[in-house]
Amino acid sequence: MAYNPVTFHNAAAATANGVATAVEDYSILGVQIAGTFVATVTFEGTIDGTNYVAIEAINVASGAKATTATSAGVYRMGIAGFVTVRARLTWTSGTSITVTGHLSQAADPMIQDVVLSANSGVDIGDVDVTSIAAGETHVGEVS
C-alpha cells in the first residue's frame, strides 16, 4: 500500500489556495491542521483541473462531517475520482497555520459494505442461501 505525504500550507498567515496536489492514484486523504489562527480551511477537489468543489471531510476526533475546518485537528476524506485536491485557506488573524496531508491507496472508510442475510425483508428477490446446493448455481440475470 502506497502513502504520500503532502504540504498544502506551511506557516501561512494569509489567504491562499495552497498547493494543488495530484491525487489520481489515491483514494483517501488525511489532513492535519496546526497552528495559532482564526481561519477557515476549505477542502476542495477537481476533476477537470480548473473548477474546484468542496469535499466533505470527517473530523476524526468528533466524527462531525463538514467541507470546512476552523480549528486545529485531523480530518479524513475520500478523494477517489478526483484529479487534484487542495486546502483553500481564508485567513483572518493569528500567528500562522500549517496544513499537511497524507495520501493513501487504502479502501475508502466512508463507503461501507452492506451485508444482507437470507429472508432479510429487503426487496432484492430474497434468496434462501441455505437451500442452494454446493457447486455452481445460476441464480438469475442482473439487469
State, to 0.1 Å, how close Gly81 and Ile47 come at their nearest heavy-atom pair, and which atoms those are.
-> O-CG1, 3.7 Å

Check the pair Ile55 / Val85 against side-chain contact (heavy atoms from CB on, under 4.5 Å), numbers first and verdict last.
-> CA-CA 9 Å; Ile55 301 172; Val85 296; 3.9 Å; yes

Do the side chains of Val6 and Thr100 get nearer than 4.5 Å, heavy atoms only?
-> no

How close do Ala20 and Thr84 get, heavy atom to heavy atom, and via which atoms?
-> CB-CG2, 3.5 Å

Heavy-atom side-chain contact between Thr68 and Val41 under 4.5 Å = no

Which residues pass the ring-ring contact (aromatic ring centres under 6.0 Å, His included) test with Tyr75, sequence neighbours left out?
-> Phe43

Compare all side-chain heavy atoms of Val99 with those of Val31 and state whether any distance is below 4.5 angstrom.
-> yes

About how many Å separate OG1 of Thr67 and CE of Met77, when rounded to the nearest 0.5 Å?
-> 10.0 Å

Is a donor on one side and an acceptor on the other found under 3.5 Å between the side chain of Glu24 and the backbone of Phe82?
-> no

Could you tell me whether a side-chain N or O of Ser62 sits under 3.5 Å from a main-chain N or O of Ala64, the two making a donor and an acceptor?
-> yes

Nearest-0.5 Å distance, OG of residue Ser96 to CG of residue Asn10 = 8.5 Å

So CG of Leu103 and CD1 of Ile79: to nearest 0.5 Å the spacing works out to 5.0 Å

Calculate, to the nearest 0.5 Å, the distance between atoms CG and NE2 belonging to Leu29 and His102 respectively.
-> 10.0 Å

CD1 of Ile33 to CZ of Phe8: how many Å apart, nearest 0.5 Å?
-> 10.0 Å

Any side-chain hydrogen bond (donor to acceptor under 3.5 Å, both in side chains) pairs touching residues 33-55, not counting sequence neighbours?
-> Glu44-Arg86, Glu44-Arg88, Thr46-Asp48, Asp48-Asn51

Below 4.5 Å, heavy atoms only, C-beta onward: do Leu89 and Ile97 meet side chain to side chain?
-> yes

